[in-house]
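The structure presented is a predicted model; accordingly, all values stated were derived computationally and were not measured. For reference, positions follow the sequence shown, starting with 1. Just follow the structure's listing: the first ligand is 1, and inside any ligand the first atom is 1.
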Amino acid sequence: MKGVHNILVALALLALASSLASAYDPSPLQDFCVALDDIKNGVFVNGKFCKDPKRVTANDFFFSGLNIPGNTGNAVGSNVTTVNVDTLPGLNTLGVSIVRIDFAPYGGLNPPHIHPRGTEVLVVLEGTLLVGFVSSNQDNNRLFTKVLNKGDVFVFPIGMIHFQLNIGKTPAVAFAGLSGQNPGVITIANATFGSDPPINPDVLTKAFMLDKNVVQYLQSKF
Ligand SMILES: *[C@@H]1O[C@H](CO)[C@@H](O)[C@H](O)[C@H]1NC(C)=O
Ligand SMILES: *[C@@H]1O[C@H](CO)[C@@H](O)[C@H](O)[C@H]1NC(C)=O
């Protein structure tokens, strides 16, 4: 009898917890969704329109090619191959996606960036990565960092600035799952110094405590 009672209490708590956990608007699935009064001019809903379930086939849930390394011959020496709802339509509404990240030897870098709509859990398949994320201002911008080898896993909580650097002498490969069908990426350097149109240099000069010439130089690089 006692056992049954405990189970009922546990179920009641669980029901309460899940109702509390869903007591807010659904998470946005794209950068913005401007409200529209007449649906005639509607283009996107929040996410994507759905295919008629009767016409769905196995191929809608299938993607091929994550065995192929991305070309790391670029300025940062890394390449992210993204499989999200745009390339794998079956991911729509499911809240997950996956990426492959290739790193050139001796310093290939996935530069500091944010996923505005997804936590990332990364596993190293080859090589050695220095990874880390920085917590929010409220937590005093603490750096959580680690050297990862083959088989090691690290999680980057949603919205935190994070990076991965190949500190090994060989190419490195990682895969990462993200808790969003379209988690998005904001590369910090590109977004701040390479925005279109450019941010007024006075803003960046003060914010980054730089000489204005340095700001203008950085803006010219992006
Ligand atoms: C990543 O690799 C793919 C495949 O080689 C290539 O098409 C793409 O341009 C590369 N992206 C960058 C940013 O280098
Ligand atoms: C950031 O800007 C650099 C320089 O313009 C460019 O090469 C790189 O592809 C950009 N990165 C992303 C993620 O857009």
Heavy-atom nearest pair, Q181 first then L91, reads OE1-O, 3.3 Å
Show me which atoms of ligand 1 lie under 4.0 Å from any heavy atom of N74. 12 (C), 13 (C), 14 (O)
K212 vs D202, side-chain contact (heavy atoms from CB on, under 4.5 Å): CA-CA, chis, key distance, verdict: CA-CA 7 Å; K212 196 163 173 174; D202 291 339; 2.8 Å; yes
Atom 9 (O) of ligand 1: any protein heavy atom closer than 4.0 Å: no
Interfacing atoms of ligand 2 (cut-off 4.0 Å, heavy-atom, N190): 1 (C), 2 (O), 3 (C), 8 (C), 10 (C), 11 (N), 12 (C), 14 (O)
Touching ligand 2 at all, H113? Heavy atoms, strictly under 4.0 Å? no
Side-chain heavy atoms of T82 within contact of T87, under 4.5 Å: no
Hey, can you tell me if F222 and F193 have their rings parallel, tilted or perpendicular (30° and 60° cut-offs)? parallel
Element-labelled atoms of ligand 2 that are located less than 4.0 Å from some non-hydrogen atom of K221: 4 (C), 5 (O)
So which of V124, L130, V131 actually passes side-chain contact (heavy atoms from CB on, under 4.5 Å) with V147? L130
Rounded distance [0.5 Å steps], CZ in F133 versus CZ in F154: 5.5 Å
Is there any N or O on N79 that sits under 3.5 Å from an N or O of ligand 1? yes
Find all atoms of ligand 1 within a distance of less than 4.0 Å from any non-hydrogen atom belonging to G70, and give their numbers and elements. 2 (O)
Region of N71 engaging ligand 1 - heavy atom pairs below 4.0 Å: both
Counting C-beta onward and ignoring hydrogens, is there a side-chain heavy-atom pair between L204 and L218 closer than 4.5 Å? no
What residue and heavy atom of the protein are closest to atom 7 (O) of ligand 2, and at what distance? A75 CB, 4.8 Å
Provide the number and element of each atom of ligand 2 under 4.0 Å from a heavy atom of T187. 13 (C)
